[in-house]
Asker: 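My structure is below; once you've seen it, I'll send some questions.
Numbering of residues begins at 1 and proceeds along the displayed sequence.
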Amino acid sequence: MSSVERTWDFVWGRLFDGRTGMFYNHLAGEDAHGTKYLPPPELIQRQIPNPGGYGTGMEDCMLNAGMMMDAVVARHGATGDRGMEEYASEICRGMILAASVSPKKGFLPRGVSPVDGKSHYMDTSRDQYTNWLYGAYRFYYSALSTEAQRADICRCVLAMAEKFCAEVIPENGYSFLREDGKTGVVGKMWGDLGFHEYLRLPMLYLLAWKLSGDARWKDEYLKYRDEALSRTLDTESFLDNTYAALQCQFSVRTVFDLDEEPRVREMCMEHMRKNAVHYEPIAMEKADLLMTPTGAEWLEIPYLKWEESKFRFAGIYGDVPYFVPEPSDFREHLAYYPLRAVGECVSIAALCPGHKVAKSVRDRLIAVGEFVNYEKHRTCAPVALLEGYWLTAK
């Protein structure tokens, strides 16, 4: 079996749960599946251990969904394999569940408990929305989606747009609100942001406009577009966090694809090309870091069950205290971030139209997948390897 198929089997067999259609974050203890040690619904409903579910294993389901949807759509595009319809449909089901489960329309939780199919934490992030939106966009315009699925996606996107239009205002510090109506940790969408975050809000309104045809969302998009483009593109800075750089590339690529104005497309192309040239060699650096005896040890560091981790007080947000895992309890991050960075950097480069990722880089990504011992590896980082591989399989 090829390293890519082994990676595929690990992600679908050990991180995916068919009860929710979601990919969870890690395997804990000695169990073979990523949902075995999630907090039970009664604790989730009480927001234990924290309102974002940090450290629990269900804090990044929507990040994973967007990336895996991109991988599945790309795999179909490269191979014509109609079997990808079933995989894409499963991911879409999870994405629609997440976007519909809250009584607050437009709220997107990070993940949903597979025990009851509804329990979730009340705080989320712009990162979750960004990956959800990009995955939804890719699926919506692919040959894999059905009319009913496209209607569901449009409904969810419009609910998100309504929520953001009402909440991302000066009175809330330009943040969307938690499910309880208060400001959370990572909900800021405008104002004082990093350059890579400005296109996230107009990206949503652009999709709402294109999917619905409603000129209201065109007006919202154009209200933010030019300033967002200027703040995003007029910089020579690069991000050390490759997951954030990939999210930025998602937003830029969406604008490039859907905004028909030549000036806008030219600006987006310039930025994507710059990122492709910068991040592609970083994939090699991260691969070389991992493919060593020390890297092999890192790749097999186990996760603690969430209730065995030490949690530190991280502050009060929206009148609620947050306790998050101590970084020292997550030694597996030694491999988690470099491993996902290999795939993320390749994806960043592949998302630039016309940029051909070097064969040596793609070969190194494949070699990293071969190097990972999936009997002992415990994180969702291989999701990024699949995205990078299939985006370059042309």
Asker: Is the NZ or CZ atom of R378 positioned over Y303's six-membered ring, under 6.0 angstrom from the centre and within 45° of the axis?
Answerer: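 So R378 doesn't make the cation-pi contact.
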Asker: Do D257 and T254 come within less than 4.5 Å of each other through their side chains, counting heavy atoms only?
Answerer: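 No - every pair of side-chain heavy atoms lies 4.5 Å or more apart.
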Asker: Applying salt bridge (Lys or Arg N to Asp or Glu O under 4.0 Å), name anything that partners R273, two or more places apart in sequence or on another chain.
Answerer: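 Per chain and number, R273 pairs via salt bridge (Lys or Arg N to Asp or Glu O under 4.0 Å) with no residue.
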Asker: Taking side chain to side chain donor-acceptor pair (under 3.5 Å) as the test, write out the residues that go with H271, two or more places apart.
Answerer: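 Result, side chain to side chain donor-acceptor pair (under 3.5 Å) vs H271: N275.
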Asker: Grouping I, L, V, M, F, W and Y whenever their side-chain heavy atoms are under 4.5 Å apart, do V324 and L304 come out in a common cluster?
Answerer: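 No; tracing contacts between hydrophobic side chains, which count when under 4.5 Å, never links both residues.
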Asker: Has R265 got its NZ or CZ under 6.0 Å from the middle of the six-membered ring of F256, at an angle within 45 degrees of the ring axis?
Answerer: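 Pair R265/F256 counts as cation-pi.
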Asker: Within the 4.5 Å heavy-atom criterion, are L339 and P382 side-chain neighbours or not?
Answerer: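 Side chain of L339 against side chain of P382, heavy atoms only: contact under 4.5 Å found.
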Asker: Picking from F176, Y221, F107, what satisfies ring-ring contact (aromatic ring centres under 6.0 Å, His included) with F164?
Answerer: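 Going through the options one by one, the only one that passes is F176.
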Asker: Less than 4.5 Å apart, any side-chain heavy atom of V372 and any of T7?
Answerer: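 With C-beta onward as the side chain, the pair stays apart.
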Asker: Taking the six-membered ring where the residue is Trp, are the ring centres of W12 and Y87 under 6.0 Å apart?
Answerer: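 Ring-ring flag for W12/Y87: true, centres closer than 6.0 Å.
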Asker: Looking only at heavy atoms, which two atoms of P170 and Y174 are closest? And how far apart?
Answerer: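 Scanning both residues, the minimum pair turns out to be CG-OH, 3.3 Å.
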Asker: Is it the case that the side chain of R150 and the backbone of S145 share a donor-acceptor pair, with hydrogens and angles ignored and the cut-off at 3.5 Å?
Answerer: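 The answer is yes, because a donor-acceptor pair under 3.5 Å joins these two groups.
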Asker: Report yes or no: does T124 contribute a side-chain atom to a donor-acceptor pair with the main-chain N or O of L108 at less than 3.5 Å?
Answerer: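 Yes, T124 side chain to L108 backbone: donor-acceptor pair under 3.5 Å.
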Asker: Grab the two heavy atoms, one from A228 and one from L199, that are nearest each other, plus how far apart they are.
Answerer: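 Reported closest heavy-atom pair: CB-CD2, 3.7 Å.
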Asker: Measure from NZ or CZ of R110 to the centre of the six-membered ring of Y121, then state whether that distance is under 6.0 Å and the direction lies within 45° of the axis.
Answerer: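 No, R110 does not lie over the aromatic ring of Y121.
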Asker: What are the two closest non-hydrogen atoms of E387 and S347, and how far apart are they?
Answerer: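 In this case the closest contact between E387 and S347 is CG-OG, 3.5 Å.
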Asker: Applying the ring-ring contact (aromatic ring centres under 6.0 Å, His included) criterion to F323, which one of F311, W306, Y54, F313 satisfies it?
Answerer: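 When F311, W306, Y54, F313 are each tested with F323, the ring-ring contact (aromatic ring centres under 6.0 Å, His included) holds only for F313.
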Asker: Any side-chain heavy atom of N64 within less than 4.5 Å of one from F16?
Answerer: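 They are not in contact (no side-chain heavy atoms under 4.5 Å apart), so the answer is no.
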Asker: Quick one: list whatever passes salt bridge (Lys or Arg N to Asp or Glu O under 4.0 Å) with E261, sequence neighbours left out.
Answerer: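 Salt bridge (Lys or Arg N to Asp or Glu O under 4.0 Å) check on E261 returns R225, R263.
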Asker: Minimum heavy-atom separation for M291 to A367, with atom names?
Answerer: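 Result for this residue pair: CE-CB, 3.7 Å.
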Asker: Please enumerate all residues that pass salt bridge (Lys or Arg N to Asp or Glu O under 4.0 Å) together with K188, with sequence neighbours excluded.
Answerer: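 For K188, no residue satisfies salt bridge (Lys or Arg N to Asp or Glu O under 4.0 Å) once neighbours in sequence are set aside.
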Asker: Can you list the residues that meet the ring-ring contact (aromatic ring centres under 6.0 Å, His included) rule with Y322, with sequence neighbours excluded?
Answerer: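 Y322: ring-ring contact (aromatic ring centres under 6.0 Å, His included) contacts with Y317.
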Asker: Between K105 and E162, does the salt bridge (Lys or Arg N to Asp or Glu O under 4.0 Å) criterion hold? Intermediate values first, please.
Answerer: CA-CA 8 Å; K105 289 187 177 180; E162 292 283 1; over 6 Å; no
Asker: In this structure, would V186 and Y243 fall into the same cluster of hydrophobic residues linked by side-chain contacts under 4.5 Å?
Answerer: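 Different clusters: V186 never reaches Y243 through Ile, Leu, Val, Met, Phe, Trp or Tyr contacts under 4.5 Å.
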Asker: Hey, are S89 and Q149 close enough side-chain-wise for a donor-acceptor pair under 3.5 Å?
Answerer: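 A donor-acceptor contact under 3.5 Å links the two side chains.
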Asker: Is the H377 ring parallel, tilted or perpendicular to the F10 ring (thresholds 30°, 60°)?
Answerer: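 Rings of H377 and F10: tilted, as their planes differ by 30° to 60°.
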Asker: Whether the side chain of D81 engages the backbone of G83 through a donor-acceptor N/O pair (distance < 3.5 Å, no angle test) should be reported.
Answerer: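 Yes, because the side chain of D81 sits within donor-acceptor range (under 3.5 Å) of the backbone of G83.
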Asker: Relative to Y205, does K223 satisfy both conditions: NZ or CZ under 6.0 angstrom from the six-membered ring centre, and within 45 degrees of the ring's axis?
Answerer: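 Not satisfied by the 6.0 Å and 45° rule.
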Asker: When you measure from the side chain of D116 to the backbone of S119, do you find a donor-acceptor pair of N or O atoms at a distance under 3.5 Å?
Answerer: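 Checking the backbone N and O of S119 against the side chain of D116, a donor-acceptor pair under 3.5 Å is found.
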Asker: Does Q249 use its side chain to pair, donor to acceptor, with the backbone of I348 at less than 3.5 Å?
Answerer: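 Confirmed, Q249 side chain pairs with I348 backbone.
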Asker: For R46, check salt bridge (Lys or Arg N to Asp or Glu O under 4.0 Å) against everything at least two apart and list the hits.
Answerer: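 If we apply the salt bridge (Lys or Arg N to Asp or Glu O under 4.0 Å) test to R46, skipping adjacent residues, there are no hits.
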Asker: Charged N to carboxylate O below 4.0 Å: is that the case for R14 and D9?
Answerer: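 Looking at D9 together with R14, the answer is no, because their closest N to O distance does not fall below 4.0 Å.
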Asker: Which heavy atom of M62 sits nearest to which heavy atom of N131, and what is that distance?
Answerer: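 Closest pair (atom of M62, atom of N131, distance): O-CB, 3.6 Å.
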Asker: Can you check whether W217 reaches L211 side chain to side chain, under 4.5 Å on heavy atoms?
Answerer: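 Side-chain contact under 4.5 Å: no.
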Asker: Can you confirm if the NZ or CZ of R75 lies within 45° of the ring axis of W8 and under 6.0 Å from the centre of its six-membered ring?
Answerer: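 Geometry flag: set, cation within 6.0 Å and 45°.
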Asker: Evaluate side chain to side chain donor-acceptor pair (under 3.5 Å) for D60 paired with Q128, printing each intermediate quantity in order.
Answerer: CA-CA 7 Å; D60 282 333; Q128 307 295 322; 2.8 Å; yes
Asker: Under the 3.5 angstrom rule, does the side chain of E280 hit a backbone N or O of A349 as a donor-acceptor pair?
Answerer: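 Here the side-chain-to-backbone pair does not exist.
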Asker: Between C165 and R216, is any pair of side-chain heavy atoms under 4.5 Å apart?
Answerer: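 Yes, at least one pair of side-chain atoms sits under 4.5 Å.
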Asker: So, for V320 and R178, which heavy atoms are closest and what is the spacing to 0.1 Å?
Answerer: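 That would be CG2-NH2, 3.4 Å.
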